[in-house]
Structure formats: C-alpha cells, structure tokens
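Below is one structure; the comments refer to it alone.
The residues of the chain are indexed from 1 along the displayed sequence. These numbers come from the heavy atoms of this one structure, side chains and all, not from hydrogens, waters or symmetry mates. Whatever order the structure lists ligands and atoms in, that order sets their numbers, starting from 1. All values derive from a computational prediction rather than experimental measurement.
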Amino acid sequence: MRLRKGKTLRTQIGIVGAGPAGLLLSHLLHLQGIESVIVEARGRKYIEERIRAGVLEQGTVDMLVETGVGERLKREGLIHHGIELRFNRRGHRINMYELTGGKAITIYAQHEVVKDLVSARLAAGGQIFFEAGDVSVDGFNGTAPSIRFVTDGKPRELSCDFIAGCDGFHGICRPSIPSGVLTAFDRTYPFAWLGILAQAPPSSNELVYAYHERGFALLSMRSTEIGRLYLQVPPDEDINNWPDDRIWRELHLRFAADGDWKLTEGPILQKGITPMRSFVVEPMQYGRLYLAGDAAHIVPATGAKGLNLAAADVRLLAQAFADFYSSGSTHLLEQYSQRCLRRVWKAQRFSWWMTSMLHRFDTDSPFDQRRQVAELDYLTGSRAAMTSLAENYVGLPWD
Ligand code: FAD
Ligand code: DHB
C-alpha cells in the first residue's frame, strides 16, 4: 500500500468487510502478489469472538491448508466421516466418507478461521482498518473506484482498481448498486433457530439432525468439551422466553431415542436466535464492484453452507484478479458472477431441501408430515439417496 497526499491511500483491491470472505480474499491475493486493504466496521476482538458457523467442507479445509493457514485447523479441527439423521426415536448414520470416496467435514468454528486469517494477514504486513465508520463505496461504475471511511476520527479515502464487497448481508456494498441492476431471489421460512453454546461434552461423536413433531433440533459441537445445539423456534421468538432449563427440557424431548442414548447437560455459555432465509442477487457484480459471500447470498443454516459458499466465491474472485493482473485479460472477471452462481444455486437447492425435510411447518397437513417421514425413511434406506446427500454435504467439486 502506498500513501498519497493527505489521507488518501492507494491499493489494488479495496475490500469492504473482514469476515471469512474478505479475509480469505485478501490472503489469496497476497499469495498471488496482489495488494489489498480491508476496511471493517467492527473491532478485531468482536470479529474474532462472533459465534457463527462451524462446519467446513472438504474443499474449504483443503484450500485453507494448501494456502498455509490450516496449521491450527489441522491440530484442533474435529474430522467427521458421517452424520446422523434421527426420526421416530431412531438414529440412521450416513457414512459420508464411504459414499464420497473418502471426503469428510471438519468441525472448526468460523471465528477460529477468522482469527487464523487475521493473524496471517497482519504477519504478512497486510492492512486491516478495524472500527471504520461511515463506510461508503464510490466510482465503481467508472475506472476510479474508492472506499471512503472514518478511522480515529479522521476521514480517509482508499483509491483502488477494484472493490470487493465482502460486507455480509447487512453491508453497504449491495445497496450501493443502482436500483434496477440486480435481481433479488428471496424466501423466508416460518421459523428461526435458537442456538446455544454449552460447557457440556457432546452427547454424540457426530452431528445429529433430528426431525421431531415438536420441531427440528441439531446437535453439533465445538470441541470434545463444548457442545453447540440448536432448536427450531417461531421466527419472531424472544430469547427471554427461553430460560436454560426450558432449552434443555426441549432438547431432551426432541432428541429422545430408543436405547441407552443420553443428552449430557452443562452450563449454557451463550445463546441467540438466527432467522432462516434464502436470498440471492444476480449478477454478483456491477462495474468494478464485485460482491462475495453473504453480501450476495444467504442460505438457511440446515445445510451448513454459508461460510463454505463465501470461500468458494473468493476462490474464483482471486483467480479472476490474478488473471487480470498477469495477462490483462478481463475474461475471468466477466465470468465471475456466472461461475459463482452455478454453485450458489446448487447450495440453495440443497439447503432448502434439508430445511424442508427436517423442519415442522405450521401450515403442513398430516399428509405433508407423513410425506416428510417417508422421505427420511427412503433417504436412510437408499444408497443412491444417501450418496446425493453426502456429496452435497461434504461439498460439491469446485467448478
Ligand atoms: P460476514 O461473516 O457477515 O462478514 C461481513 C463483515 O463485514 C463483518 O465482519 C461485518 O462486521 C463487516 N461489515 C458489515 N457492514 C460493513 C460496513 N458497512 N463497512 C465495513 N464492514 C462491514 N452458516 C452456517 O453454515 N452455519 C451456521 O450455523 C451459521 N450460523 C450463523 C449465525 C449467524 C448469527 C449468522 C449471522 C450467520 C450464520 N451463518 C451460518 C452464516 C455464515 O456465518 C455466513 O455465511 C458467513 O459469515 C459469510 O461470510 P462473509 O464474510 O460473507 O460475511
Ligand atoms: C452447525 C451449524 C449448522 O448450520 C449445521 O448445519 C451444522 C452445524 C454448527 O454450528 O456447528
């Protein structure tokens, strides 16, 4: 990064947002010898502690390891070869490893990925402006894009060749694109997830997705000591209606199974409610502004795809910038949106399907409920159907 007169800075790629998308993009660009600067609204501590996703696809893990930010992930991540689907008080294991020819998922919290990427960027001399206020993007419809923001009480302008909008669903990049350019595809679901982090060893070695007449429940984990559990709740639910003992009571009911399985309780360390939504904008680019990750699309959490899609987007964006700077060709930049959207829509389909199969919908008739159980029964008895779930869950091949 070179300082120009006054408080104007200059870089090649200006990145808005230090979530997984922005940080990984900056890291991949650095490996290609391309400069970038990240402008982030929140503080470092906040982004490094924000509890979110936890399931990494095989391809995401491989990318982090191959690009040198996977040391701690390899040491601390929990590799899972299967998941369990539970309904009618019985568990059914999907052996993803066997069904996909040796692929797995790794449980490693999103904020740990963020920590690893922040420390790699800073160690390599990368610049991240934390706690940036009044962030705005400009000039991307011409040849002189810039990001304006306030830091330490001083206004700054970062001029760049391109802007990467990695500022999540509620960011400013997508709304800065003139109206009429983007088409939005949107679906909301009539429920949300109440998620807890608990000081309780996970009651199962693998994730358990439970369909129950009282609603969906998911058992996941962050380590051998810390459990992460979710309950389907009404979309406008108030967390104050859920004291800890009510949460555990409900989890016991929804995970109940024949045999000697037992849910281990422990102190709840954190709890929150996340809405379920599917959203995509097309195209994911306008002029010299490229959207990546949640800024362009969100998925309901059931398929565990949000973070992985963000990684897949920036992999393509970094390739496209690298091609532009090495050959002058804009071909891959022009293809960026179309190439991302093929994967995005497959992840949308999978996430919608998992969500529809596993949740109770208030509007469902007894016919629908029997159909849902029949679908689970078919799925867990058919190698073809289990293979389809497994190859989507561990992550479809790149491109
Ligand atoms: P984000 O992680 O949202 O990062 C965007 C960054 O931009 C943030 O750091 C934000 O502070 C910053 N920013 C925003 N506005 C501005 C601005 N104006 N200027 C500068 N910076 C700005 N996915 C799953 O697969 N499983 C889960 O269990 C799961 N749980 C989730 C729980 C919650 C509460 C949320 C919100 C999401 C969850 N997701 C989950 C989705 C997953 O976490 C996201 O898909 C992933 O974070 C996307 O990464 P991103 O970098 O695109 O966006
Ligand atoms: C987790 C989140 C998910 O959305 C999911 O499908 C599986 C696991 C988790 O937070 O561990």
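- No N or O atom of Phe169 sits closer than 3.5 Å to an N or O atom of ligand 1.
- Gln285 places a side-chain N or O within donor-acceptor distance of the main-chain N or O of Gly287, the cut-off being under 3.5 Å.
- Distance check, rounded to the nearest 0.5 Å: CZ of Phe169 to NE2 of His297 gives 12.0 Å.
- Residues His92 and Phe87 place their aromatic rings such that the two centres sit under 6.0 Å apart.
- Considering both main-chain and side-chain atoms, Ala41 comes within under 3.5 Å of ligand 1 through a nitrogen or oxygen pair.
- In this structure, of Thr274, Leu291, Asn308, the residue bringing a heavy atom nearest to atom 32 (C) of ligand 1 is Thr274.
- In summary, the atoms of ligand 1 found under 4.0 Å from a heavy atom of Arg42, numbered by their order in the structure, are 11 (O).
- Nearest residue to atom 43 (O) of ligand 1 from His111, Gln110, His297, Glu131 is Gln110 (criterion: closest heavy atom).
- Backbone and side-chain nitrogen or oxygen atoms of Arg50 are examined, and one is located within less than 3.5 angstrom of a nitrogen or oxygen of ligand 1.
- Distances from atom 27 (C) of ligand 1 to the heavy atoms of Ala53, Ala347, Gly54, Gly306 put Ala53 nearest.
- The shortest N/O to N/O separation between Gly22 and ligand 1 does not fall below 3.5 Å.
- The closest approach between Ala132 and ligand 1 stays at or above 4.0 Å for every heavy atom of the residue.
- Listed here is the closest heavy atom pair of Gln348 and Pro300: OE1-CD, 4.5 Å.
- Near Val16, with a cut-off below 4.0 Å to any heavy atom, the atoms of ligand 1 are 19 (N), 20 (C).
- Scanning the protein for heavy atoms near atom 11 (O) of ligand 1, the closest one is Glu40 OE2, 2.6 Å.
- Atoms of ligand 1 found under 4.0 Å from any heavy atom of Ala304, numbered from 1 in the order shown, are 25 (O).
- The single protein non-hydrogen atom nearest to atom 52 (O) of ligand 1 is Asp294 N, 2.8 Å, given as residue, atom name and distance.
- Going from atom CG of Asn205 over to atom OG1 of Thr224 covers 10.5 Å, rounded to the nearest 0.5 Å.
- Which parts of ligand 1 touch Gly171 is read off a 4.0 Å heavy-atom cut-off, strictly below it: atoms 15 (N).
- Ligand 1 has no N or O atom lying under 3.5 Å from any N or O atom of Ile51, backbone or side chain.
- With hydrogens and angles ignored, the 3.5 Å screen pairs a side-chain donor or acceptor of Lys305 with a backbone N or O of Asn392.
- Taking the centre of each ring, Phe162 and Phe324 come in below the 6.0 Å mark.
- Side chain of Asp167 to backbone of Cys173: a donor-acceptor contact under 3.5 angstrom is found.
- Closest protein heavy atom to atom 14 (C) of ligand 1: Asp167 O, 3.2 Å.
- Residue contact check: Gly293 has heavy atoms under 4.0 Å from atoms 52 (O) of ligand 1.
- Side-chain atoms of Trp242 and Glu250 form no donor-acceptor pair, as typed in the model, at a separation below 3.5 Å.
- Smallest separation of non-hydrogen atoms from Leu56 and Leu73: CD1-CD1, 3.8 Å.
- Arg52 NH1, 2.9 Å is the protein heavy atom nearest to atom 3 (O) of ligand 1.
- No side-chain N or O of Tyr189 forms a donor-acceptor pair with one of Ser356 less than 3.5 Å apart.
- Between the side chain of Ser351 and the main chain of Ala347, a donor-acceptor pair closer than 3.5 Å is present.
- A donor-acceptor contact shorter than 3.5 Å is absent between the side chain of Asp362 and the backbone of Phe191.
- Contacts between Tyr230 and ligand 1, counted as non-hydrogen atom pairs separated by less than 4.0 Å, involve the side chain only.
- Within the 4.5 Å cutoff, no side-chain heavy atoms of Ser176 are placed close to those of Tyr286.
- If you look at Leu307 next to ligand 1, the close heavy atoms, those under 4.0 Å, all belong to the backbone.
- For the residue pair His252 / Glu265, a side-chain donor-acceptor distance below 3.5 Å is found, with atom types taken as modelled.
- Nearest protein heavy-atom neighbour of atom 51 (O) of ligand 1: Ala21 N, 2.9 Å.
- With a heavy-atom cut-off of 4.0 Å, Lys305 touches ligand 1 through its backbone alone.
- Paired with Tyr211 under the rule side chain to side chain donor-acceptor pair (under 3.5 Å), one option of Arg254, Arg360, His359 passes, and it is Arg360.
- With hydrogens and angles disregarded, a donor-acceptor distance shorter than 3.5 Å links the side chain of Gln12 to the backbone of Glu35.
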Ligand 2: which protein N/O atoms lie under 3.5 Å from its N/O atoms?
| from | atom 1 | to | atom 2 | distance (Å) |
| --- | --- | --- | --- | --- |
| ligand 2 | 4 (O) | Ala301 | O | 2.6 |
| ligand 2 | 6 (O) | Tyr209 | OH | 2.7 |
| ligand 2 | 6 (O) | Ala301 | O | 3.1 |
| ligand 2 | 6 (O) | Thr302 | O | 3.1 |
| ligand 2 | 10 (O) | Arg222 | NH2 | 2.7 |
| ligand 2 | 10 (O) | Tyr230 | OH | 2.6 |
| ligand 2 | 11 (O) | Ser220 | OG | 2.6 |
| ligand 2 | 11 (O) | Arg222 | NH1 | 2.8 |
| ligand 2 | 11 (O) | Arg222 | NH2 | 3.4 |

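- Regarding atom 4 (O) of ligand 1, its nearest protein heavy-atom neighbour is Gly19 CA, 3.4 Å.
- Rounded to the nearest 0.5 angstrom, Tyr336 OH and Met284 CE are separated by 3.5 Å.
- The backbone of Cys166, and not its side chain, has at least one atom closer than 4.0 Å to an atom of ligand 1 (non-hydrogen atoms only; backbone = N, CA, C, O).
- Between Arg228 and Ile51, the closest side-chain pair of non-hydrogen atoms falls below 4.5 Å.
- At the shortest separation from atom 18 (N) of ligand 1 among protein heavy atoms lies Ile172 CG1, 3.5 Å.
- Shortest contact from atom 49 (O) of ligand 1 to any protein heavy atom: Pro20 CD, 3.5 Å.
- The ligand atoms of ligand 1 that sit less than 4.0 angstrom from a heavy atom of Gly168 are 3 (O), 5 (C), 53 (O).
- Using modelled atom types, one finds no donor on one side chain facing an acceptor on the other under 3.5 Å when comparing Asp323 with Gln319.
- Of the heavy atoms in Val39, only backbone atoms (N, CA, C, O) come closer than 4.0 Å to ligand 1.
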